[in-house]
Every structure is written in C-alpha cells, then in structure tokens.
Amino acid sequence: MKTQVLAAILGGLLAFGAIQAASAAEGQAAPKLKWTTDGVTGHFDRAELKRGWTVYKQVCASCHSAHQLYYRNLTDIGFSEAEAKAIAAGDSVPAGPNEAGETHVDGSPIMRPALLSDKLAAPYANANAARAANNGALPPDLSLITKARKGGADYIHALLTGYKEPPAGFQLQQGMAFNAYFPGFQIAMPAPLVEGAISFDDGTNATVAQMARDVSAFLIWSAEPELEDRKRMGIKILAFLLVFTALLYALKRKIWADVH
Amino acid sequence: MATQFKNPVVRWIDHRLPIFTFMEHSAVSYPTPKNLSYWWNFGSLAGIILVIMIATGVFLAMQYTPHTAMAFDSVERIMRDVNYGWLLRYLHMNGASMFFIVIYIHMFRGMYYGSYKEPREILWIIGVLIFLAMMATAFVGYTLPWGQMSFWGATVITNLFSVVPVVGTVIVEWLWGGFSVDNPTLNRFFALHYLLPFVIFALVFLHLWALHTHKSNNPLGIDVKGDKDEIPFHPYYTIKDSFGLGVFLIVYLGFTFFAPNFFGEPDNYIPADPLVTPAHIVPEWYFLPFYAMLRAVPDNFIDVFGILPIIISAKAAGVVVMFGSIILLIFLPWLDSSKVRSSQFRPVFKWAFWLFLLDCIVLGYVGGQPAEGAMLTIGRLCTFWYFFHLLVVVPFLGKYEKTRPLPESISAAVTAKESK
C-alpha cells in the first residue's frame, strides 16, 4: 500500500513538472533571478524600491498607468509624508466637472494638483486615447503586472533587457521591436531603458540592467504590497503550528496507547 | 434516552431540547471502529474547510462589489486597503483548492475501501451531490473577481448548455440574463455563490445523518461485531482528527502565506476584457480532468453503426461525456457488485483502483495542455479508460474476482497483526 501511494504521488509530481516546462512555449523562458522578496524570509529593499519608483515615474509612467496605487502608498517604500505630498503635487489629476458641473470650454476636465488620497495620475484619459497615441497598442496597467504574467518579475526583467536585433529572415512588422521573451517575439513597446537616461538620487549608476532590476522589484511591491507582512505573519503562525501539532501528536500517542 | 449532565443549566435545556444529548451521542460517545486509518481524517477536514470558506466568504462579501465596472478593483481594494483583507482573500482562494484536494482524497478513500456499498449507498450518493454542489459553487465563485479567466471561463462553461436540444440557446441566455456574460451574469453568480454553500451545508447534514445511521466503514471493510471492535469518538478520534487538522493547517497556511498564487492563473490578475481572448483558456486545476474529457470527443467521431454523429454533435457528445463522468459515480454502488468492500481483500480490484487514480491524474494533466497532438490522443485514451473502468472493469471484477478470506472481526484482525 505504501509503495503504491508513493508511486501515485510521484506520478502526480512528474505530471506537474511537465506542466511547468511546457508553459514557456509561447516566448523564451525568462532566466530565474534572485529577489529580496523570494523565500520564507522575503522582504523589500526600500532603497531598491525607491530607485524602482524613479524608473517607473520617469520612464514607464509616460505610457503605463498603475491604477491600483495611491500617492499615499509611497510612504510604504521609504518616502516621508512630506516627500510623498511633494511628489503628488507635481502631478495633476482631473478635478472632474467642478461643483457647478463646469468643464473647460472644449469639454476636457479641469485639472488640479494630486493629493495623497489620489490614485497615481494616468498618462491617458482612457484606453482609446492610449491606443491612439501608441500605434494602436494598449500599454497594460502595471500595478499587478508581476502577478499577471507567467514568470513574474523574472519575466519583466527579461523583457526589459531582452531587446535584440531580429534574427535574419524574421519578418518584423512596422513599428514593432524584436524581443525574444515576448509571446510572438514582436512587441509594440520600443526598448524603454537607455543607459544614463535617468539619474538615481542615491548615486547608483543607472545602467540598463540596474534600472530593469530596480523597476521589476518596484513592480513586485506594487502587485503585492502586503508581501512583507504576509511572510512575517506566516513565519510566526507556522512556527506555532509546528510546535502545537507536535504536541497534538504526542497527546494522540498517549491517548491511543491503551487501544489494542 | 437522555444523558445525565451535571450542569443544572445544561440539564434544564436538555430536558426541553435534547441538543446536548444529541451532541453527546454523535460526537462524544459515538461508537467508532477502532481501526480507522489516517485516510479517515478527510471527512471531518472537509467539514472544517467548509466552515472556513463560509466564514471568510461572509467577510469578503461585505467588501466586494458585484458590478462589472467595479468587481476587479473591489477585490484589489480588499487586498490593499481592507484590514487583513489580503489574508481573508488568500485564505478563501487557497481554501477552495484545499477543499477539492481533501474531497478528492475523501472520494478515492471511499472507492478504495468500498465505503459506498450496502448499506451506505445513500451516504455515497449524497456525497456525489455535495461534490456537484461544490463544483457549481467554485465555478460561480471564480467568476467574481472578474479577471480574464473569470470572464472567459464563465463564457466557455455557460456555453456548454447550448447543446441542449431545441431550447439550448434559450437556456444559455436565461443563465446569462442577456446575450453574453455581462453584469446580470455577475450579479446572479454572486447571489448563487452566497446561496450554494448553505445548500452544501444542508447536504453535509444529511451526509452525516446517513453516516451516523450505519457508522463509519473501516480499512477492513467488514461490519463491526460488538463492543470489542469499537471505541468512543471522544477522546480517540477527536485527538486523531485534531492532529490531522494541525498537519492540514500547516499545508494550507503554508500556501496561503508563502505561495498564495500557486494554484491560480496569472491571467486572472488582468481585468476582464470581452474583446481579448486569452491564448489558453483553462479552468482551475480541480476541473482539469473533466475539462480533458469535455475536449476528448473528436470532431469527426463515428460509432460502429455510423448513426450517432447524426443525432449528436461532437460538442454535445463532449458535454454528455463530461457530465456523465460525474453522474456515473452515483451508480457506483450498483456497478460494483462485489460483497467484499475493502481493496485489501481484492487483489485485482486493488490494481484497477490505482490505475483509475493514475488515469484521473493524467486526465488532469492533459486538461491543462492545449488540446492538440499527443495530448489529445492521451486524453482520449484516458477518457475511454475512465468509463471502461466504471462500466466494465468494476462490474466484471465484482462478479469474477477471487477475493481473499475476510478476517473474523476487527479486533481479531488487529490482534493477529500485533502478534506477528
């Protein structure tokens, strides 16, 4: 009986392994990288997240929204409240029709500086405006992107650093770029990261690899801001459960000792 | 026969409503075979998960908005801004997967030890109904976050009803509340997702009622023959179930805290878009074996006489095969005519069982792959074997298998094992 159970479990695991291997067929599999958020003790590196925010804000945000994030969330990655307020005040968001229902004469909304309680300003008013400005392609919202793509942050990092000349004979459509990690290998986004295009406040050298890493880490945070709390709580609860279950087992042995 | 309680308040209540006597009889002094293995832990585990699912679900419902324009963001608000909302939601999400793992083990346990046989046929049938209700609950629940897989999964599965002759389209539009999966669909699915768990709860009550009428089966599959074979549920099985619960919680919470999206599809973190179809529409893992069977019927399928394709389309045949695979389980007590319950005494059936289990696992794997090439062929063979096992192997073995001699009693078998 025991060997049969083992065989069944083994069969299941093998089948599962094959699923994992097959799912990468759509684009080249992203190399596995190490992140501070990995593993049971995973945590955020605040300095990395702040650099990642700089990349997001100065590069990604010109085309991509991050709909789930509020300016107030920036205090979670190491900005002070005053800094977050200043960042918010630098952006403008639609104030909507004002109390009297007024808009600008052309119908566009009246704008105001953003507050901590606002969601991050979006680059386009809506999906149609985004497509119109991007050759028909829709830049996806980035707030959940590491959870919404197979490979997560590894994939984002690989994509950002994976721009190459297309192999000979590859038919690239007009306005598209070649990227081995993107399903179908053709991506509407031109290579977004250029060495030295931005500068980091902490003096870190803004190489493409550095920027890709930092912004990927930032996007892990934006998709799973609870990650640190979750893992910390998990360690405590599982430590308790391991001890408690061991005690239950001892008690079970004791109670059952007289059953024949 | 009322039990005498020491506490006067308890005695006063029990005299008027014998609820304490009832609890005493069904969870304390309740006589249980003394040889139950750990495979018998999964029934009570399933009950506990049901309670966890209802408890977390009620609080999630307080924060969730069943509207196509707001559902996705309301779930994200739960994850980000509701106190411990991420915990509630991840518990609920992973709880669904755990529920199915536990139920599948529970069902295969029943098959291995012949727990569905006389006099437990109704107990088994109620179990199959609970399984069906669980599948319905899980399916409508998966629609609620209104991600890409929510939307497209709902579209694919509701469309299955279009194969019903004559009124198929009417039924599908009635299910949708319109002409596609849209806001009315989301609204009613939310209502059903809140209703169905209580239906399951009622079915579980019937399941337990039937169980307590003839008591648990056991690994030997022979009837209890007096006090020597039994021990009271408390403290023996309360402690054994508690230990099992501890182990289960380590696994469940391990996933919840450290790999909460392990069982999920990344596509469901993309908001639903009726204009963009995902590259591969796959259901949640626990539906994959059935999904494989749905897709197993070839477009140009043909029977010996060549008349079936005229009366039934390949799509309809696939739907019949899929639902049939579950409905068939209801008849298992009559398909298996062997008087011997436990596989321990059925040398051939035992191997047929493991082959059937492997068949279901392979079906699950195939269901997660694109339906093409070798996968399709394997899926078809496994679908064939699923039905061949239930309709041919099981009845045949019931009739012709030479079973091993059964022990005289549970206590005799236990003592014999110990003296070895």
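Note that the structure is predicted; figures quoted are calculated from it, not measured. Reminder, nothing fancy here: chain letters follow the sequence lines and each chain counts from 1.
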So what's closer than 4.5 Å to chain B heavy atoms on [X]: side chain, backbone, both or neither?
X	answer
A:L242	both
A:D38	neither
A:L241	both
A:I235	both
A:T41	neither

Using non-hydrogen atoms only, which part of [X] is less than 4.5 Å away from chain A: side chain, backbone, both, or neither?
X	value
B:L249	both
B:Q148	neither
B:F72	side chain
B:V414	side chain
B:T256	backbone

*asked:* Rounded at 0.5 Å granularity, tell me how far CD1 in B:I250 sits from CG in A:L238.
replied: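 So the CD1 of B:I250 and the CG of A:L238 are separated by 7.0 Å.
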To the nearest 0.5 Å, atom CG of B:L253 lies from atom CD1 of A:I237 at 6.5 Å
Does A:R72 form a side-chain contact (heavy atoms from CB on, under 4.5 Å) with B:D81? I'd like the steps, not just the answer. CA-CA 11 Å; A:R72 62 180 155 84; B:D81 290 334; 3.0 Å; yes
Residue from B:G147, B:G244, B:G246 scoring the most non-hydrogen pairs under 4.5 Å with chain A is B:G246
Assert top hit (heavy-atom pairs under 4.5 Å, partner chain A, pool B:G254, B:A279, B:P260, B:S411) equals B:P260
Measuring only between side-chain heavy atoms, which start at C-beta, is [X] closer than 4.5 Å to [Y]?
X	Y	result
A:F244	B:F243	no
A:K119	B:D73	yes
A:K231	B:F258	yes
A:R149	B:I270	yes

### Query
Does the side-chain contact (heavy atoms from CB on, under 4.5 Å) test come out yes or no for A:Y70 and B:R80, once each step is laid out?
CA-CA 10 Å; A:Y70 291 83; B:R80 289 153 190 271; over 6 Å; no
### Message
Applying a heavy-atom distance below 4.5 Å, give me the residues of residues 84-91 of chain B that approach chain A, sorted by number.
### Response
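Result: B:Y84, B:W86, B:L87, B:Y90.
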Residues, nucleotides or ligands: over 12 heavy atoms within 6.0 Å of A:R46 CZ | yes
